[in-house]
Each structure stands twice: as C-alpha cells, then as structure tokens.
2 protein chains.
Amino acid sequence: MTCEGNFTKKLSERGYRVTPQRREILHILLHADAHLTPAEIFEEAHKKLPNLTEPTVYRTLEFLAEIGLAQEAYSEKSKSAYEISGYAHHHLICRKCAKEVEIPHVKVEGLCQNLEDETGFKLMQNHLSFFGICPDCQEN
Amino acid sequence: MTCEGNFTKKLSERGYRVTPQRREILHILLHADAHLTPAEIFEEAHKKLPNLTEPTVYRTLEFLAEIGLAQEAYSEKSKSAYEISGYAHHHLICRKCAKEVEIPHVKVEGLCQNLEDETGFKLMQNHLSFFGICPDCQEN
DNA sequence: GTCCTTATTGCAAAAAATTGCAATAAGGAT
DNA sequence: ATCCTTATTGCAATTTTTTGCAATAAGGAC
C-alpha cells in the first residue's frame, strides 16, 4: 500500500472516488513538513500529472478540507495554505521573520472546553494561528 | 470633528497623510457593525468617491492593519475581512450557518500569557477565529 | 471484460487580488 | 498663497482564484 493508502481508503469507504489527482495531492501533503499553498501543490503535482490544472488543485484541497482529510492552515494575510489532517496542533508565527513554532493542542484544549461549555458550540478547531514577534526579532 | 477624526488624527500624528480615500474607508469601517470584505468596502466607498479604485482599497486596508488602526478578521476559507481596531475580541463562527458569537479577550488572555512565557514570543493577537457548529445547527 | 451512471476533471472564461509605474495631491517650508 | 518633496493614488497589466459546462473516467452492475 502506498503511503497515502490510508487516506485514499477513507475516500472510497465514504463513497468518494479515488483519482490520480487526489492521490497525488494527498501524497504531496503527506510528505510536506509544513503547510503548502495551492500554488506550491500545483507546481509539485504538475510534475507527475502534466495535464493537471489549477482549478482541480483548488477544488481538491477544498474538498479534502471539507471531508476532514486535510485542513486549512491560515497563514499571514489570509493567503490560504493546507496541510494533512493529523494530530491537532497550532502555530505561533512571527510577523517579522515568519518563523513558526508549534503549539501542542493540550495547551489550547482547556480554552476550547470552556468555550464549548459556555456557548454550546461544538468546536472543529484543529488549527489556530497565533501571531506575534519572536524573541530574535524583538532584539533587532 | 467628523466621526473618524480620532483615527485621521492618529494618521497625521504618526506622519502619514490624511486622504479622502483613507478618511472614507475609516468612516465605513467605523460604521460597520461587523467586519467587511475589501469588495464590500470598495462598493460602499465608491459611491462617495467615484474614481476610487480597488487597488487603493486593498492597499489602504493592508496599510491600516499594519499601523494598527484596523485589523484583519479572518473569516471562513481565508477570505479576508477587516474591522476597525477597538477592544480586543475574538469570534466563534458556525461552519454551517456562519453565525458569529463574540468571545471577550479575557477568556483568551490566560492562554496568551502562557504562550508568551513559554516561547518568548510577544503576541500581537487581537483577533482569533474559532470555528465550530452552533447549537441550532447541531440539532438539524 | 463491457456497459452505465454520475462524480470528477480539464478547458475556457470570469472574477478577485496584486504589482509597477507614472501622475497626482498632501503637507511642510517659504 | 505658492512652491517643493514625496507619499499616495489611479491606471494598466499581471497573477491568482473561482465558476460553468462539456468531456472523461471511477466504480458498481451485469
């Protein structure tokens, strides 16, 4: 089974079709160590699938996010970026140098629980982005 | 003094120019009860300033956010939206019906403090968006 | 394997957002 | 009030993202 097999299995189990395009995009997301923009994903996937088009990448990413296999990771200036859905985690991003620090979900869990209790909302929060200035940039 | 006077004053105090475009966009943001998209702001401002162009709206919003007079309020699917900078607050947004509940900053303050202490980052977090399903939509 | 249904893709076109640069006008100096 | 400097704007062109629709191909039935 290829590395994205677990994910394509979830697709077919849920009645969605497994296409080369979806397989390749999942593959790329799985091997990315950070989140990627649609443009980056297109560039990469296009090497393997020469007649893949941008609209397909955009629609596939949106689709994968909708069914929960990928998630949108908001980055600066509302440029969109995506990453594979894994363990819930969050990012602290420096507004100056763009350095990112990962925040484990446990840190945020208490707050989420409180919000759920108080508002009755069921949270689907698997990626928060906090912005700030990192220690290095504070000095300069 | 017009209603946006406080804001235009801050502009000139800090050496930025006060232009009809900036004045009008501030005016619109001030009278909005929610955050607005660049397109909505353009449409509105264009009535008063017929030869205002989109690029100016985009650049002005980005500029106002940069100097802290406005802030970007991330909404769904990374569409950008802006609101005037006031008291820090956050939103809990329903992914189904798009209903929004405001979350006062005090709820989030503790978490922010922890993150600052642990990472050394200085947070500039004046607007977080939490996503979930609201009580009404959970029933249906 | 072949056929059938329809989800998914690619293409073409449109809409939204961004960029570079010359023209304009804000605000200080005279 | 007029001039000067340069931040800011508008225009034109580009890039990015989205949409509609016909063509294709995934997956089930036979």
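Order of the sequence lines fixes the chain letters, A, B, ..., with proteins taken first and strands second; residue numbering starts at 1 for each chain.
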Between CZ on residue B:Arg23 and OG1 on residue B:Thr8, distance to nearest 0.5 Å: 5.5 Å

Nucleotide-resolved protein contact map, nucleotides 11-16 of chain D, B/S/- at heavy-atom distance under 4.0 Å: BB---S

Atom pair CG (B:Leu52) and NZ (B:Lys47), whose distance is rounded to the nearest 0.5 Å: 13.0 Å

d(CZ, B:Arg23; P, D:dT9) in whole Å: 12 Å

Integer-rounded Å distance: C:dA16 P and B:Glu43 CD: 11 Å

Side-chain donor-acceptor pair present, B:His27, B:Glu44, cut-off under 3.5 Å: no

Nucleotides 23-30 of chain D: protein proximity per nucleotide (B base, S sugar-phosphate only, - neither; heavy atom, under 4.0 Å): --BBS---

Rounded distance in Å - CD (A:Glu54) to C1' (D:dT19): 14 Å

Spacing of A:Phe42 atom CZ relative to C:dT9 atom P, expressed in whole Å: 14 Å

Side-chain N or O of B:Thr56 closer than 4.0 Å to phosphate OP1/OP2 of D:dT9: no

CA sep, side-chain torsions, deciding dist, call: A:Arg22, A:Glu4, salt bridge (charged side-chain N to carboxylate O under 4.0 Å, His left out): CA-CA 10 Å; A:Arg22 287 178 177 173; A:Glu4 67 272 18; over 6 Å; no

Separation of C:dT8 C1' from A:Leu49 CG (nearest whole Å): 14 Å

Flag side-chain contact, heavy atom, 4.5 Å: B:Phe121 against B:Leu115: no

Minimum side-chain heavy-atom gap B:Tyr82-B:Leu64 below 4.5 Å: no

Any donor-acceptor N/O pair, B:Glu43 side chain to B:Pro38 backbone, under 3.5 Å: no

Residues B:Gln113, B:Asp117; criterion side chain to side chain donor-acceptor pair (under 3.5 Å); working and verdict: CA-CA 6 Å; B:Gln113 192 58 57; B:Asp117 294 346; 3.2 Å; yes

Between C:dA16 (P) and B:Leu61 (CG): distance, integer Å: 16 Å

